[in-house]
Amino acid sequence: MFGDIAEHGEMLGGVVTYHQADSRRRDFHKLDRLPAGLVAAGDAVASFNPVYGQGMTSATLHASCLSKYLRSRPKPHDEPARAYFEQVRVVVDAAWQISTTADIELPHVDGPYPPGYKVTKWFGDLLFRASLTDPVLNARLGRVTTMLDHPAALSRPGTLFRALRLGLLRGSRR
């Protein structure tokens, strides 16, 4: 179907590109004063470098947080939705961790580097290399990069040991 459209369709206008190639976040949960009845979702909370494909998933997870918040029968609408923004913070933090870890590797980025960066980078590289040949690690990494699982899932003991074992075995074969 898409092939037919590309080959036989009529172009209705020029190609338009997206020019915001950086990540931005607004930490509503940190505000001392928050207007009552206000919620924000999607790019109004956080927008990500589009190369990572996190924007729509993040916005969908924000909607899920809003649904959960509203089902919890929140305080009257004349009070701030702090519990909602705390739930959204977890989503944003996870997506932010994934995208900024990748962004900091770009050659033109010179820091600041987060605490524990060298260890995180070492393990991330090991995990990535092991995931190229191990279907279990590949699936776990895929679930995190597609935001089905939180990045903390990669630090579970079973994942850590599997990546270490495969990395050490591969290193001893050289």
Side-chain angles (χ1 to χ4, degrees), residues 2 6 13-35 37-72 74 80-132 134 136-156 159-160 163:
F2 289 113
V15 174
V16 178
T17 59
Y18 185 78
H19 295 284
Q20 180 188 324
D22 61 344
S23 300
R24 301 173 189 193
R25 68 186 291 170
R26 290 148 199 96
D27 293 322
F28 288 95
H29 66 280
K30 290 183 179 179
L31 293 175
D32 291 332
R33 295 178 348 163
L34 189 63
L38 170 78
V39 294
D43 285 350
V45 175
S47 55
F48 302 94
N49 182 335
V51 75
Y52 303 116
Q54 296 172 308
M56 293 299 290
T57 304
S58 183
T60 301
L61 291 170
H62 297 173
S64 179
C65 290
L66 180 58
S67 175
K68 180 180 177 183
Y69 172 72
L70 292 173
R71 284 192 323 267
S72 73
R82 293 204 179 277
Y84 163 74
F85 285 114
E86 281 298 324
Q87 292 172 16
V88 165
R89 180 186 57 80
V90 174
V91 173
V92 173
D93 285 350
W96 199 260
Q97 183 179 354
I98 293 167
S99 65
T100 58
T101 299
D103 277 349
I104 209 162
E105 289 294 313
L106 297 172
H108 66 279
V109 176
D110 59 3
Y113 297 97
Y117 169 73
K118 288 184 180 184
V119 171
T120 303
K121 180 184 176 355
W122 177 84
F123 176 71
D125 291 347
L126 180 74
L127 176 65
F128 180 75
R129 283 192 309 275
S131 75
L132 295 175
D134 183 66
V136 172
L137 290 178
N138 186 278
R140 290 177 187 170
L141 185 60
R143 289 187 61 82
V144 169
T145 58
T146 57
M147 297 180 67
L148 291 170
D149 286 340
H150 191 277
L154 296 177
S155 63
R156 291 185 182 132
T159 301
L160 291 171

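Hydrogens, waters and symmetry mates are skipped; everything else that's a heavy atom, side chains included, is used. Keep in mind the model is a prediction, meaning the values are calculated, not measured.
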Can you confirm whether F128 is buried at CZ, in the sense that more than 12 heavy atoms of other residues, nucleotides or ligands lie under 6.0 Å from that atom?
no

[atom1]-[atom2] distance between [X] and [Y], expressed to the nearest 0.5 angstrom:
| X | Y | atom1 | atom2 | value |
| --- | --- | --- | --- | --- |
| I98 | M147 | CD1 | CE | 6.0 Å |
| L127 | D134 | CG | CG | 9.5 Å |
| N138 | R143 | CG | CZ | 12.5 Å |
| S23 | N49 | OG | CG | 5.5 Å |

Please check: side-chain N/O of [X] versus main-chain N/O of [Y], any donor-acceptor pairing under 3.5 Å?
| X | Y | value |
| --- | --- | --- |
| Y84 | A40 | yes |
| S58 | G55 | no |
| S67 | A63 | no |
| S99 | F48 | no |
| D27 | H29 | no |
| T57 | Q54 | no |

Steps toward side-chain contact (heavy atoms from CB on, under 4.5 Å) verdict (L34, L38)
CA-CA 8 Å; L34 189 63; L38 170 78; 4.2 Å; yes

Polar contact flag, side-chain donor to acceptor under 3.5 angstrom, R140-T159:
yes

Result for side-chain hydrogen bond (donor to acceptor under 3.5 Å, both in side chains) between Y52 and one of D103, T100, T145 points to D103

For V91 and L61, which heavy atoms make the closest approach, and how far apart are they?
CG1-CB, 3.8 Å

Restricting to ring-ring contact (aromatic ring centres under 6.0 Å, His included), what partner residues turn up for F28, sequence neighbours left out?
F85

Checking V144 against H150 for the side-chain contact (heavy atoms from CB on, under 4.5 Å) test, could you report, in this order, the C-alpha distance in whole Å, the side-chain angles of both residues, the deciding distance, and whether it holds?
CA-CA 6 Å; V144 169; H150 191 277; over 6 Å; no

Which residue pairs pass the salt bridge (Lys or Arg N to Asp or Glu O under 4.0 Å) test with at least one member in residues 111-124, sequence neighbours excluded?
E105-K121, K121-D125

D93: partners by salt bridge (charged side-chain N to carboxylate O under 4.0 Å, His left out), with sequence neighbours left out
R25, R89

